[in-house]
J.: 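Take a look at this one; I'll ask things after.
Treat the numbers as computed from the prediction; the structure is a model and nothing was measured. Lettering of chains follows the sequences in order, A, B, ..., and the numbering in each one begins at 1.
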2 protein chains.
Amino acid sequence: MSSKCAECVFKSKAASKLTFEQLGHLAENCASVTLKKGSVLMQQGALSSNIAYLKKGLAKIHIKGPYHEQIIKIIKAPEYLGLPNTFGDKINNYSATVLEDSEVCFIDIDTFKYLLANNEKFAYEIILSLCNNELGSFKKCATRTQKQIRGNVADVLLDMSNRVYDSDDFEIPISREEIANLIDKSRESVSRVLSEFEKDGILKISGKKIEILDKEKLKLIFETG
Amino acid sequence: MSSKCAECVFKSKAASKLTFEQLGHLAENCASVTLKKGSVLMQQGALSSNIAYLKKGLAKIHIKGPYHEQIIKIIKAPEYLGLPNTFGDKINNYSATVLEDSEVCFIDIDTFKYLLANNEKFAYEIILSLCNNELGSFKKCATRTQKQIRGNVADVLLDMSNRVYDSDDFEIPISREEIANLIDKSRESVSRVLSEFEKDGILKISGKKIEILDKEKLKLIFETG
DNA sequence: TTTAATTTGTGAAATATATCACAAAATTAT
DNA sequence: ATAATTTTGTGATATATTTCACAAATTAAA
């Protein structure tokens, strides 16, 4: 029996609840892949056949809207992707694309179901993470729609700084257009706001490189909308 | 041992997976309540202590936004409410209020956890419903933000007609202001669109009573935004 | 390296929706 | 039943954001 999952450095909190035997079973039914930036790991419309575990890297969840592509959220490893796709419907309801070179494990759906059914602690961790996802989407719902563009751009920048990179100086992994799709605004408006923030000394921008110079001011903009 | 849950006519799909003993245990640790229209069954900010099962009736999930109350979704029985509240955080992240006289079971959180841990089919059903919730919020995310007000109002009306009342002739359970909060638009704009729809012969409106006269046209408006 | 393609920034004009204001209608309380 | 309160409809005006247009800058391809 393989012990590669047992030894995995990127083991999820849920997987750490599995027995050695269960980890062996998992190892035999999952495939680890290194994906290049821009690779689609889950395609909207395709048959949903696997759970994906983003071991390392960054991904976006996106969905085809009536007019343009809508980015639902940016996901930082480690996290399971595609549970709603696999359990919610026969075909994928959304796509997932990696934003930087990433490592992903594709887990056979029946194996995943077997683990859910045979290890209540594993199932419980999965339930916890689904609940947290739902809370997150509720919050997003309330902030994204009730703030105007400056507040939303500030939100994205703070999220990148705090959650994704843990630094005030980072290279944003998405284009201006993608920022716009994330906050439901036009590319041009996002550009303008970014320029404005730079003019006001809040940011230092050089292409995709962004440095937050005045985080307090940015927070204030986020809070006041 | 009480058999009231075993005999419950409104038993959830998840609960139907429970053994007779487990249903007895559930019956001893849950309280069924009849709530009058407008009652808050879960208050944002309060300690999350129970799972609520909306047995019969209709409820809204809402959250305090930076400026006004945001309605996240309208929930029709039967459905569990508050799982993300109870599992995601110590305090409630959102409120739930019934929109018509409803019946709700409050289930002790430890009992719920016990059932999750001891009945994998129950847990699996809960996972399924959480996944479906997430898919729903993704879809909402894409439609609500990419359509303008006519498309959004059409969406709400079609949802009421198809999912909630299964009829083209219904009394809408929320005020114009609440419709506005649901689609992130102003009350006045919602009023105007409703009047416009009536003028165009799509609806017949009399206060909260709404009759859809031309559903095809309404669908078209929904689809074309 | 040069060319082609894509991404980005910015002004001016167009537009959808919000806000303000107030009266009419409907609901609730007395 | 009457008064008080809340909800609703609608016009006029204000405003944030989009759209269009095009040049500059960046990135990818030949």
J.: Should A:Lys208 be listed as having a side-chain N or O under 4.0 Å from OP1 or OP2 of C:dT8?
T.: yes
J.: Yes or no on side chain to side chain contact (heavy atoms under 4.5 Å, CB included) for B:Thr111 and B:Glu28, after CA distance, side-chain angles and deciding distance?
T.: CA-CA 9 Å; B:Thr111 304; B:Glu28 278 159 19; over 6 Å; no
J.: In whole angstrom, what separates A:Glu188's CD from C:dT8's P?
T.: 12 Å
J.: Using every non-hydrogen atom in the two residues, find where A:Cys131 and B:Gly88 come nearest and quote the distance to one decimal.
T.: CB-N, 4.4 Å
J.: Name the residue from B:Leu182, B:Thr97, B:Ile72 that meets the side-chain contact (heavy atoms from CB on, under 4.5 Å) definition with B:His62.
T.: B:Thr97
J.: Could you walk me through whether B:Gln43 and B:Asn92 pass the side chain to side chain donor-acceptor pair (under 3.5 Å) check?
T.: CA-CA 7 Å; B:Gln43 177 74 55; B:Asn92 291 332; over 6 Å; no
J.: Could you pull out the protein-nucleic contacts involving nucleotides 14-18 of chain C (nitrogen or oxygen on both sides, under 3.5 Å)?
T.:
unit_1 : atom_1 : unit_2   : atom_2 : d
C:dT17 : OP1    : B:Ile149 : N      : 2.8
C:dA18 : OP1    : B:Ser186 : N      : 3.0
C:dA18 : OP2    : B:Ser186 : N      : 3.1
C:dA18 : OP2    : B:Ser186 : OG     : 3.0
C:dA18 : OP2    : B:Ser189 : OG     : 2.6

J.: Contact boundaries of DNA chain D with chain B (under 4.0 Å, heavy atoms), 5' to 3'?
T.: D:dT8 to D:dA12
J.: How many whole angstroms separate atom CD of B:Glu177 from atom C1' of C:dA26?
T.: 16 Å
J.: With nearest nucleotide decided by heavy atoms, which residue, B:Ser195 or A:Ser206, maps closer to the 5′ end of DNA chain D?
T.: B:Ser195
J.: Are more than 12 heavy atoms, taken from residues, nucleotides or ligands other than B:Lys56, located less than 6.0 Å from that residue's NZ atom?
T.: no
J.: A side-chain contact here means heavy atoms from C-beta on lying under 4.5 Å apart; do A:Ile107 and A:Asn29 qualify?
T.: no
J.: Taking atom P of C:dA26 as reference, at what distance in whole Å does atom CZ of B:Arg176 sit?
T.: 11 Å
J.: Between A:Ile172 (CD1) and C:dT8 (P), how many Å, whole number?
T.: 10 Å
J.: With sequence neighbours left out, what residues match B:Leu47 under side-chain contact (heavy atoms from CB on, under 4.5 Å)?
T.: B:Ile91
J.: Under 4.0 Å between a Lys/Arg side-chain N and an Asp/Glu carboxylate O for A:Lys37 and A:Glu100?
T.: no
